[in-house]
Amino acid sequence: MSKKKVQKSSGKKAFLLYAVGILLLLAVTVAAVSIGSVKIPPKEIFRTLFFEAKEQIVTYDRDHFEDISLEGATGIVVVHEEMGSMEIEPGLFENIDLQDEGYTSVTVVYGEEDDSLHRDILFDIRLPRAAASLLGGAALAVAGLLLQIFFRNPIVDPYVLGISNGSTFIAALFILAGLRLGIFGTGPFGRFFAAFFGAMAVMAVVLLFALRVKQATTLLVIGIMIGYFCSAGTGFLMTFADKEAVKGFVVYSMGSFSGFVWEEVWMLAIICFLSFFGSLLIGKQLNAFLLGEDYAKSLGVNLRLFRVIIILLSGVLTAAVTAFAGPVAFIGLAVPHIVMLLFKSSDSRILLPGCILYGACITAVCDILARSVFSPRDLALSTVTSVFGVPIVIHMIMKNRSNA
Amino acid sequence: MSKPAITVNNLTIGYDQKVVCENMNFDIRQGELTCLMGKNGAGKSTLLKTVSGLLPAIGGDIRLFGKSMKEYGRNELSKTVAVVLTQRISVDFMTAMEITCMGRYPHTGFMGRLSQHDKKIALSSLEQTGAAELAHRLFSTLSDGEKQKVLIARAIAQEPKVLLLDEPTTHLDIKHKLEIMELLNRLAKEKNISVVLTLHELDLAVKACQHIIAVKDGKVVYDGTPEAMEKEDTVNRLFDMSPGRFSYVTGSVELPVGSSEDIFIVACSGTGVSLYRQFAKRRAGFSTGILVESDCDYPVALSMGANIFAVKPFTEAKEAKEKAMACIDKAKTVIDTGFTIHEQAKGNKELILYALSRNIRIVTFRKKEEFEKEFGKAQVLYIENEVDFDRIFE
């Protein structure tokens with residue numbers, strides 16, 4: 001008995017780790033707001049975040065570029081899909097080729113100081129993006145945890161049920177084949193609705209199987225198969241689409257939180273918080289699943305119902321993130337493990353809040369790296385998360401081998 | 001005889017529509033250990049899963065304490081029946097105590113918060129299974145025997161009236177096997193719960209259980225006490241073994257050797273057992289006699305399927321002796337195990353003297369002076385240690 005692994009007061013430790021997580025969350029948010037190609041001094045960030053600016057600012061979006069008036073302008077910020085935001089001297093503005101499809105908005109500041117310009121960058125570009133990456137990361141981590149518990153398999157991620165492939169497939173139909181889904185297709189959320197619809201359709205198929213199959217592992221295989229099927233469809237579309245569209249699609253399919261607007265953030269937030277709440281409510285049943293479906297059933301768990309609930313919660317979370325930001329790799333796989341190792345617990349009621357906090361922090365940090373390392377170019381988020389996630393997953397698998 | 005806890009009426013079990021066993025009828029009583037016996041794939045685990053409600057019955061009815069299982073709600077059923085299954089549990093960070101607390105699931109509220117009462121019951125369950133000192137160890141770091149105790153503690157924490165265990169002793173060493181059986185027996189008696197289990201260890205089943213239900217070819221073929229099994233030789237029929245293969249005395253089986261008339265082993269009073277086993281390991285057949293049926297040589301030789309000359313205890317050996325002598329006539333070697341020469345073994349002494357008179361090769365495990373004192377001077381092979389054993393076959 002020399003190697004006695006004793007667990008001490010896990011409750012206190014968990015609260016300490018939550019506190020650390022919350023502090024980290026605040027630090028990451030501040031970092032996400034401060035870091036960018038336009039240098040804004042910290043004092044000014046503080047001032048702009050908490051005090052009203054006196055200057056007039058007007059933001060013109062793509063449809064209103066003809067109306068831009070430069071009379072009395074003291075500062076201009078242009079936003080480009082790929083290059084991010086750029087601050088330009090008013091005198092140099094005419095050098096910009098606004099006919100380029102990539103420019104999404106132009107913000108003009110009228111007045112003495114350029115406070116409001118910075119305010120715009122902070123509020124309309126950096127904050128929504130930070131919020132989206134925080135929410136998306138938390139959502140993926142929770143979805144991953146739910147499925148890892150459900151399948152009792154440590155290398156399951158939120159995409160294992162084919163949900164992201166379905167989402168990507170319909171997004172491909174939308175981006176590459178120009179599919180429009182009735183009235184939704186015309187609004188700003190067109191791509192989102194298309195992708196979300198794809199994810200939900202795949203989830204519905206998986207749910208149908210979930211009601212019929214006896215073993216959860218069978219469901220895993222079915223999910224993977226549906227995923228391949230959708231990927232095949234995406235591949236087919238890519239073969240026949242034109243080059244430019246494929247490039248745009250590839251950028252989407254590698255995942256990114258850039259270009260988030262507040263409406264999208266709010267929508268993501270509502271979906272996430274409802275799902276987080278739902279996940280916390282089924283903590284008791286999730287724990288019963290830890291021992292396997294047979295033990296769960298013998299403890300009185302309604303297997304069918306909770307299979308559906310778990311798949312529904314993880315599916316909606318994954319679908320929302322994927323629809324907005326594309327499939328972001330490794331967060332859903334690696335974060336639940338990191339949290340488990342950190343908290344030294346398998347209790348889902350302890351791990352769920354941990355996944356929300358640390359999933360958010362880790363993803364936001366990855367997003368900051370994605371947009372700052374090769375600034376002003378944005379790296380695809382999945383490239384950063386993969387570099388970060390792969391060593392962790394390999395470490396875990398090797399550790400499991402030596403245990404078994 | 002106590003009240004029935006489970007009554008099974010005309011039950012048909014199986015997976016989907018594939019019937020494994022049908023038309024099953026039996027009672028399982030409170031405060032007893034009931035063992036389900038049968039070959040691999042006979043349907044023991046299926047029956048256990050059906051009775052625990054994990055698998056729906058294809059037909060028939062299971063009544064728990066007089067009420068049909070179909071009328072039980074999920075929570076009510078889980079407060080009545082607890083299970084210990086064979087599937088391995090792999091959780092990284094759960095202590096033995098946390099696993100045990102899972103048993104309190106049906107007794108806790110919506111969020112599963114454990115009260116002081118719940119924790120007390122979990123701890124006392126661990127104490128009852130002798131696993132209290134493991135409470136704060138991580139489950140994944142425990143040995144197989146310790147894990148099994150914790151899983152039984154988890155089931156007890158559920159406070160069931162029926163405890164079902166699928167092969168609870170498999171993979172355990174002999175000490176833990178005994179501890180688990182003793183523990184289950186005590187639980188059945190002290191808590192008056194009915195314990196139903198499947199076992200692959202026939203000896204444990206016969207020695208530790210009060211009730212045996214055997215299934216074969218889709219039917220219940222035995223339902224009664226282990227003691228009454230011997231009369232119908234149920235075990236040998238159940239596993240398609242020839243009569244005598246399973247010995248109710250030793251509670252086990254031996255490697256088969258078959259009979260051979262080349263070698264005759266003169267043994268009695270237990271002197272033959274280890275020699276027989278050495279022959280069995282060399283796959284060498286033998287004849288042996290004159291055995292008294294109450295000696296332990298007899299069930300061992302019988303289980304091996306050797307050619308035996310035996311007498312009932314306290315009876316004349318005349319007829320057996322004559323037959324044995326006829327066998328010795330054909331033998332190439334006669335082995336003297338070194339049995340004590342006393343009144344009952346008189347016939348055996350005569351066999352050796354007879355072999356000497358017929359000039360048959362004799363191998364003895366006695367010291368030279370002892371042999372010469374009993375049988376006179378003769379040309380025999382003396383075997384004094386293990387190394388010499390191969391010389392028997394020269």
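Worth knowing before you read on, the calculation uses all heavy atoms, side chains too, and leaves out hydrogens, waters and symmetry mates.
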TODO: Measure A/Ile149 against the heavy atoms of chain B and call it side chain, backbone, both or neither at under 4.5 Å.
DONE: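 Neither part.
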- [ ] Please look at A/Ile282 and chain B and tell me whether the side chain, the backbone, both or neither of the residue comes under 4.5 angstrom of a heavy atom of that chain.
- [x] neither
Task: Polar contact flag, side-chain donor to acceptor under 3.5 angstrom, B/Gln148-B/His176 - done: no
Task: Donor + acceptor pair across side chains of B/Asp166, B/Ser45 (<3.5 Å) - done: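 Indeed, the side chains of B/Asp166 and B/Ser45 share at least one donor-acceptor pair under 3.5 Å.
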Task: chain A interface, residue from B/Asn75, B/Leu164, B/Val91 that has the most non-hydrogen pairs under 4.5 Å - done: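 Most heavy-atom pairs under 4.5 Å with chain A: B/Val91.
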Task: Which of B/Ile89, B/Val83, B/Leu85, B/Val81 touches chain A most, by non-hydrogen pairs under 4.5 Å - done: B/Leu85
Task: Validation row, ring centre B/Phe65 to ring centre B/Tyr72 under 6.0 Å - done: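 Ring-ring flag for B/Phe65/B/Tyr72: false, centres at least 6.0 Å apart.
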Is [X] close to chain A through its backbone or its side chain, or both, or neither, when contacts mean heavy atoms under 4.5 Å?
{"X": "B/Ser140", "result": "neither"}
{"X": "B/Leu151", "result": "side chain"}
{"X": "B/Phe110", "result": "both"}
{"X": "B/Lys79", "result": "neither"}
{"X": "B/Arg154", "result": "side chain"}
{"X": "B/Leu77", "result": "neither"}

Electrostatic pair [X]:[Y] at N-O distance under 4.0 angstrom:
{"X": "A/Arg307", "Y": "A/Glu293", "answer": "yes"}
{"X": "B/Glu159", "Y": "B/Lys191", "answer": "no"}
{"X": "B/Glu32", "Y": "B/Arg29", "answer": "yes"}

- [ ] May I ask you to test the A/Val308-A/Leu305 pair for a side-chain heavy-atom distance under 4.5 Å?
- [x]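 When only atoms from C-beta onward are counted, A/Leu305 and A/Val308 do not touch, as no gap falls below 4.5 Å.
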